[in-house]
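In what follows, every heavy atom counts, from backbone to side chain, and hydrogens, waters and symmetry copies are set aside. In this chain, numbering begins with 1 at the start of the sequence shown.
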Amino acid sequence: MSRMSELMIDNPNTEQERSAWLIDLLEDSGMGVVQANDRSDVSSQEEYDAVRYLPEITLSPPLASRPTAIELKVYRWKKDWVSHFRAAADHLSTVVRQGDFAGGILVVTLDLEGVSEPNLFSDSSFPIEVWDLGRLRRLVHGNDELEHRLAELVAATLLDQEPLDV
């Protein structure tokens, strides 16, 4: 069995578990009403078209008139992460524009401290809010369970320790 196959089998963090962690974080922080949009059962082009512009998570803050679209992106490799980040930002920007959302939050499992924001967004995306690993650590600080789950998420998904390729 190849190393990549083993990683896929041994990785306990499914998309649902990652989403559950983020939902718990948002709810624990009292940021508003959180709803997961399950897109895992898509088996046809028609079903894909129906859920294509649904965000992974919808957050409705208490006093906001419109919800916020949230996407969580985990990274296995730091090489060429910028192109993947831009694609995710472009997609989230489209989700926000296509839906009735006040804005978008892209949650990533990389520490982006020192990375210039203009380098992150393509011309077709608008600057959405980005929550990187540093911000996630600050948000879970003091909650042992969420801190532990974040550490597990990063350990199980980020496979290289190289510095970010910017």
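Residues Ile70 and Val34 have side chains not in contact (no heavy-atom distance under 4.5 Å, counting atoms from C-beta outward). With contacts defined as side-chain heavy-atom distances shorter than 4.5 Å, the pair Leu92/Phe101 does not qualify. Looking at heavy atoms from C-beta onward, Val108 lies in side-chain contact with Val130 at the 4.5 angstrom threshold. Put simply, the side chain of Leu26 reaches to within 4.5 Å of the side chain of Leu22, judged on heavy atoms. Leu112 is listed as a side-chain neighbour of Phe85, based on a closest heavy-atom distance under 4.5 Å. Within the 4.5 Å cutoff, side-chain heavy atoms of Arg97 are placed close to those of Thr94.
Shown here are the side chain to side chain contact (heavy atoms under 4.5 Å, CB included) partners of Glu46, two or more places apart in sequence or in another chain: Ser44. Here Thr68 pairs with nothing under the side chain to side chain donor-acceptor pair (under 3.5 Å) rule; sequence neighbours left out. Partners of Gln98 according to the side chain to side chain donor-acceptor pair (under 3.5 Å) rule, which considers only residues two or more places apart in sequence or in another chain, do not exist here. Listed by chain and residue number, nothing satisfies the salt bridge (Lys or Arg N to Asp or Glu O under 4.0 Å) test with Asp144 (two or more places apart in sequence, or in another chain). Evaluation of the side chain to side chain donor-acceptor pair (under 3.5 Å) rule for Asp24 yields Arg149 as partners, not counting sequence neighbours.
Rounded to the nearest 0.5 angstrom, Glu71 CD and Ile105 CD1 are separated by 11.5 Å. A distance of 13.5 Å separates CD in Glu152 from CZ in Arg18, rounded to the nearest 0.5 Å. Taken from CG in Leu146 to OG in Ser29, the straight-line distance is 7.5 Å, to the nearest 0.5 Å. Distance check, rounded to the nearest 0.5 Å: CG of Leu106 to CD1 of Ile128 gives 4.5 Å. Note that NZ of Lys73 is 11.5 Å distant from NE2 of His84, once rounded to the nearest 0.5 Å. Thr109 OG1 to Trp81 CH2: the interatomic distance, rounded to the nearest 0.5 Å, is 11.0 Å.
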For residues 133-142, dump all side-chain donor-acceptor pairs below 3.5 Å to protein atoms at least two apart in sequence or in another chain.
unit_1 : atom_1 : unit_2 : atom_2 : d
Arg135 : NH1    : Glu129 : OE2    : 3.0
Arg138 : NH1    : Gly134 : O      : 3.3

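Here salt bridge (charged side-chain N to carboxylate O under 4.0 Å, His left out) pairs that include residues 53-64, with residues two or more places apart or in two chains, number zero.
Nearest heavy atom pair, residue Ala69 against residue Val96, reads CB-CG2, 4.2 Å. Listed here is the closest heavy atom pair of Thr58 and Pro55: OG1-CG, 3.6 Å.
A donor-acceptor contact shorter than 3.5 Å is absent between the side chain of Asn37 and the backbone of Leu54.
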